[in-house]
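These notes concern the structure reproduced below.
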Amino acid sequence: MEQYNPQRIEAKWQKFWEKKGFYKTEDSSKKPKKYILVEFPYPSGDGLHVGHVRSYSALDAVCRKKRMEGFNVLFPIGWDAFGLPTENYAIKNGIHPSAATGKNIANFKRQLKSLGLSFDWSREINTTDPEYYKWTQWIFLKLFEKDMAYQAEIPVNWCPSCKIGLANEEVVDGACERCHTPVGEKTLKQWMIRITKYADRLIDDLKNVDFPERVKSQEINWIGKSEGAEIKFKIVIGDTYDNLPVFTTRPDTLFGCTYLVLSPEHSLIENLKLKIENWDEVQKYRKEAKKKSELERTELTKDKTGVELKGIKAINPANNEEIPVFVADYVLSSYGTGAIMAVPAHDQRDFDFAKKYNLPIKIVVDDKERLVDSGKFNGMESDVAKWEITKFVGGKKTINYKLRDWVFSRQHYWGEPIPIIHCLKCGQVPVPEKDLPVELPYVEKYQPTGTGESPLAVITDWVNVKCPKCGGQAKRETDTMPNWAGSNWYYLRYLDPKNNKALADVKKIKYWMPLDWYNGGMEHTTLHLLYSRFVYKFLYDIGIVPSSEPYQKRTSHGMVLAEDNRKMSKSFGNVINPDDIVKKFGADSLRLYEMFMGPFDQAIAWSTNGLRGCYRFLNKVWQLQFKVKRDLVSHLETKSLSRLLHQTIKKVTEDIESLNYNTAISALMILVNQSDQITKNSFEILLKLLAPFAPHIAEELWSNLGNKNSIFEESWPKYDEKLMQEDKINLIIQINGKFRDKIEVEAEISEGEVKKLTLNREKVKQWVAGKEIKKIIFIKNKLINIVCAE
RNA sequence: GCCGCGGUGGUGGAAUGGUUUACACGAUUGACUUAAAAUCAAUUGACCGUAAGGUCAUGAGGGUUCGACUCCCUCCCGCGGCACCA
């Protein structure tokens with residue numbers, strides 16, 4: 001008897017599927033469409049991670065099932081290949097980034113193909129291909145044209161190790177997301193994208209999409225919308241006045257405001273230089289604040305510090321009281337107006353500061369959320385008082401966001417050149433569309449300069465160009481785009497990857513968009529996911545795409561941790577390489593195990609023993625074929641097998657939709673554990689249900705049964721609710737809600753009959769003896785509960 | 001501090017108002033084997049009991065209900081995100 005040998009069958013079927021072109025997708029079809037996508041990988045030098053396998057196997061299972069259900073399914077794949085890791089890898093290994101990329105892609109591709117995933121490889125894309133990034137640049141030009149991209153001299157997060165500016169989204173705990181070096185600050189002229197213009201829509205449109213709650217809340221949190229009021233305080237400077245606006249979310253506490261605080265960078269301070277009596281002290285404080293890193297300044301546990309601006313007073317507009325003004329670094333210049341009204345009684349930070357500097361603390365809202373000590377507003381509910389007081393002092397309702405405009409410049413070689421030309425006469429001139437792509441010049445020296453200038457700046461024959469407008473001397477922009485630029489819109493390019501007239505054909509976009517299901521990592525929620533939603537909305541506004549949200553449904557797979565429960569890492573030596581697993585156990589076992597290991601959205605530790613269990617299960621299925629082929633099986637399905645079979649079809653069908661892959665597979669295991677009753681028909685159905693998870697073995701066994709077509713050309717099994725019904729059921733007998741006995745009875749049995757049967761049972765009699773039966777609860781086909789007095 | 005998710009056997013987990021612990025792993029015993037591996041069979045929440053059986057267990061405490069892992073309240077712990085954002 002032939003043993004299960006995945007090495008012998010897997011490559012064979014992979015070739016077969018490829019040759020038959022099973023996964024080439026048509027752009028029009030009578031079938032309903034499903035566009036299903038996994039985040040395309042970054043082809044790093046480390047190769048494929050078992051975490052990739054989890055995401056891809058899951059969605060591959062969905063696609064295979066959907067095809068069997070009669071959908072026209074698009075399941076593409078490509079490479080997100082620009083960016084720092086490749087550049088660093090190239091520098092370290094002395095090979096050019098483009099060579100490194102090619103090498104890494106080849107390796108990834110081999111690995112993906114060894115898994116038997118049903119990608120449509122004919123649509124493969126690569127963000128570093130000029131034919132691709134031509135359109136990334138084109139989108140930038142559109143943003144520029146609509147005044148959504150602009151240059152600004154701003155302090156950016158600067159990673160001294162990567163020698164690059166970072167977006168806020170790329171800074172984690174004050175350190176570079178990638179190399180974990182603490183970031184500093186550097187003032188550079190940067191390209192910025194006005195993502196803040198879309199803040200409200202990025203929040204509001206989450207209502208219309210099917211995203212996990214944690215994803216939605218994380219995005220909403222990140223955008224950080226808060227509603228409040230801008231209130232002007234009069235600043236008394238000797239005998240003249242100035243106005244200072246502050247932002248507050250608690251205008252209801254205005255009567256409790258006992259001082260103002262300006263951030264050290266606030267422009268008013270400079271203007272008051274001559275009137276501030278302790279200028280030297282103030283100046284010293286501001287200098288020290290500037291020296292502190294962002295991380296130090298935002299250290300929560302640190303003591304609050306500040307200096308009063310002597311000789312300056314402010315007027316609380318609510319009660320006309322004179323209050324002091326401070327400069328303190330617990331107020332950020334970048335949020336609101338860079339100045340706050342301090343209400344120590346109702347804000348922890350103000351409270352800490354007031355305690356330290358002995359400032360008055362005045363309670364103005366009581367524990368029933370009503371105003372006290374607030375003049376004519378006493379007794380008013382604080383929610384109402386918010387806007388009444390704002391009106392009273394002539395303030396205005398204002399909304400603030402934590403979201404900042406997107407820093408879009410990178411001072412590195414391995415990225416898309418920003419297609420702008422700087423002309424002394426004409427200023428910033430977009431590269432004409434006909435001249436796209438602006439190709440990244442091939443150079444030998446691509447190390448970062450560290451000066452804040454891109455390595456492209458020294459390539460003079462590339463930098464110096466004629467101005468497209470006036471023909472005069474001009475220079476190219478030398479910054480490149482961040483690695484998020486190419487992934488912003490890649491799902492559109494899959495629809496029409498070879499189009500050289502447009503980023504994709506309108507008809508094709510209309511047919512496929514929005515995407516039906518997009519799976520990816522949680523770590524991209526406030527990066528790629530947010531950015532790409534924004535860019536799609538922009539494309540919608542300029543009429544390129546037909547809807548305002550790209551992804552109808554988003555799911556996120558949990559991380560696959562190492563067996564020791566830590567992250568897999570080369571330095572811990574705990575990395576599982578999918579190649580080794582495929583070699584030893586086969587792709588089917590690996591895929592099945594990763595689906596079975598636990599709930600899809602949860603982080604889970606790898607277990608090689610668990611994997612063995614799945615391998616054993618596939619072996620059992622393999623052995624079953626001989627029983628079927630030798631006709632050692634019964635030809636009549638028993639009632640109980642047919643019942644189990646239909647229950648299994650239902651379970652697997654529904655669980656694939658709802659991401660419950662682990663329970664779908666356990667249902668298949670239960671079916672196989674009952675295999676002593678198997679028939680040829682039920683074995684075939686088992687294979688079809690298994691096929692999305694373990695495609696190679698399913699195809700092999702299907703063909704071994706003598707079938708000439710592919711199992712994936714078969715239609716998905718249907719279940720019959722009627723055949724699922726049990727005709728005999730175990731009815732639970734409870735006494736006072738506790739399980740005491742059970743009886744096997746005909747399904748649909750009546751209450752009266754159950755009562756009679758139950759009360760006649762010896763066990764029940766014992767429990768009930770001498771007690772008064774107060775009531776009997778009967779749930780059809782489930783239980784009877786006899787409630788008696790204790 | 002705020003937001004989100006979670007806490008069930010030795011382990012991964014199942015059950016979303018009705019027999020807690022499906023399925024799998026591990027462990028123990030037995031069969032096959034010179035032996036091991038593989039495979040097959042049996043047992044496997046804790047406690048009491050020779051057994052029949054019983055008692056107790058879903059982070060802790062309370063509530064609703066005939067009945068709570070499941071719903072509600074209070075608290076504890078873990079994970080993830082945000083954070084001197086006024």
Side-chain angles (χ1 to χ4, degrees), chain A residues 3 172-173 212-226 228-229 246-251 253 257 260-261 263 297-304 328-332 334-343 346-350 352-353 400-404 522-523 525-526 556 558-559 593 596-599 601-617 619-620 623 660 662-673 730-742 763 766 774-779 781-788:
Chain A
Q3 292 299 305
V172 176
D173 292 332
E213 205 43 52
R214 55 183 178 150
V215 171
K216 288 190 186 184
S217 73
Q218 216 168 297
E219 291 210 342
I220 290 169
N221 235 319
W222 183 260
I223 295 167
K225 181 178 184 171
S226 65
V246 302
F247 175 72
T248 177
T249 55
R250 295 294 304 275
T253 62
C257 165
L260 294 189
V261 189
S263 67
R297 265 189 72 169
T298 56
E299 186 65 56
L300 257 174
T301 49
K302 94 166 165 63
D303 244 12
K304 292 195 171 36
D329 68 1
Y330 81 90
V331 173
L332 306 175
S334 56
Y335 186 77
T337 63
I340 62 152
M341 60 177 236
V343 186
H346 302 286
D347 183 281
Q348 186 62 44
R349 297 152 299 181
D350 298 343
D352 295 343
F353 191 81
N400 260 301
Y401 302 90
K402 289 188 212 167
L403 187 71
R404 300 273 88 102
M522 275 309 284
E523 71 275 16
T525 303
T526 53
S556 250
M559 262 202 287
Y593 167 61
F596 183 62
M597 67 199 313
D601 55 358
Q602 253 174 57
I604 248 161
W606 177 269
S607 155
T608 301
N609 278 326
L611 171 84
R612 272 195 201 103
C614 290
Y615 180 72
R616 254 177 237 156
F617 166 72
N619 251 302
K620 282 189 206 170
Q623 296 304 327
N660 298 116
N662 52 337
T663 50
I665 290 163
S666 85
L668 293 174
M669 287 172 170
I670 292 170
L671 182 62
V672 170
N673 288 344
N730 276 320
L731 200 114
I732 307 304
I733 299 173
Q734 292 183 340
I735 289 156
N736 285 340
K738 276 198 171 149
F739 169 78
R740 291 300 177 194
D741 201 1
K742 59 183 173 189
K763 228 173 164 182
Q766 276 173 34
K774 285 167 101 177
K775 65 173 156 178
I776 292 178
I777 288 164
F778 177 74
I779 313 278
N781 290 345
K782 270 225 172 101
L783 63 81
I784 180 164
N785 185 9
I786 300 162
V787 184
C788 36

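Note that these values count all heavy atoms, side chains included, but never hydrogens, waters or copies made by symmetry. Order of the sequence lines fixes the chain letters, A, B, ..., with proteins taken first and strands second; residue numbering starts at 1 for each chain.
The P atoms of rG59(B) and rA68(B) are separated by 15 Å, rounded to the nearest whole Å. rA52(B) sits 31 Å from rA31(B) when the C1' atoms are compared, rounded to a whole Å. The separation of rC69(B) from rA22(B), taken at their C1' atoms, amounts to 15 Å, rounded to a whole angstrom. Nucleotides rA42(B) and rA35(B) place their C1' atoms 24 Å apart, quoted to the nearest Å. Spacing between rA41(B) and rU20(B) at atom P, rounded to whole Å, works out to 28 Å. rC66(B) sits 22 Å from rC73(B) when the C1' atoms are compared, rounded to a whole Å. On the C1' atoms, rU33(B) is 12 Å away from rU39(B), given to the nearest whole Å. Across the C1' atoms, rG12(B) and rG30(B) are found 28 Å apart, a figure rounded to whole Å.
Counting atom types as modelled, Gln218(A) pairs no side-chain N or O with a base atom of rG4(B) as donor and acceptor under 3.5 Å. With hydrogens and angles left out, the side chain of Asn609(A) and the base of rC25(B) share no donor-acceptor pair within 3.5 Å.
Remark: the Asn609(A) side chain and the Arg612(A) side chain contain an N/O donor-acceptor pair separated by less than 3.5 Å.
Nucleic acid contact for Ile779(A): base, since at least one base atom lies under 4.0 Å from a heavy atom of the residue. Residue Ser217(A) is in sugar-phosphate contact alone, with no base atom involved, counting any heavy-atom pair closer than 4.0 Å across all strands shown. Using a 4.0 Å heavy-atom distance criterion, Arg404(A) is classed as making no nucleic acid contact. Within 4.0 Å (heavy atoms only), Arg616(A) reaches sugar-phosphate atoms of the nucleic acid but no base atom.
For rG4(B), the glycosidic angle deviates from 0 by more than 90°, giving an anti base.
The main-chain N or O of Thr663(A) is never found under 3.5 Å from a side-chain atom of Asn660(A) such that the two would form a donor-acceptor pair. Side-chain atoms of Arg404(A) come within 3.5 Å of backbone atoms of Tyr401(A) as a donor-acceptor pair (strictly under, hydrogens ignored). With hydrogens and angles disregarded, no donor-acceptor distance shorter than 3.5 Å links the side chain of Asn400(A) to the backbone of Ser226(A). With hydrogens and angles disregarded, no donor-acceptor distance shorter than 3.5 Å links the side chain of Tyr593(A) to the backbone of Trp606(A).
Shown here are the ring-ring contact (aromatic ring centres under 6.0 Å, His included) partners of Tyr615(A), two or more places apart in sequence or in another chain: Tyr4(A), Phe585(A).
A sub-4.0 Å separation between OP1 or OP2 of rA14(B) and a side-chain N or O of Asn662(A) is present. Between Lys225(A) and the phosphate of rC3(B), there is no side-chain N or O to OP1/OP2 separation shorter than 4.0 Å. At least one side-chain nitrogen or oxygen of Ser226(A) sits closer than 4.0 Å to the OP1 or OP2 atom of rA86(B). Residue Asn673(A) places at least one side-chain N or O under 4.0 Å from the OP1 or OP2 atom of rA24(B). Phosphate proximity of rG12(B) to Gln602(A): absent, as no side-chain N or O sits under 4.0 Å from OP1 or OP2.
Of all the heavy atoms in Cys788(A) and Ile735(A), the pair that sits closest is SG-CG2, 4.1 Å.
Where RNA chain B pairs in unbroken runs of 3 or more (Watson-Crick or G-U, both distances under 3.5 Å), the stems are B:1-7 with B:76-82, B:10-12 with B:23-25, B:26-31 with B:39-44, B:45-48 with B:53-56, B:59-63 with B:71-75.
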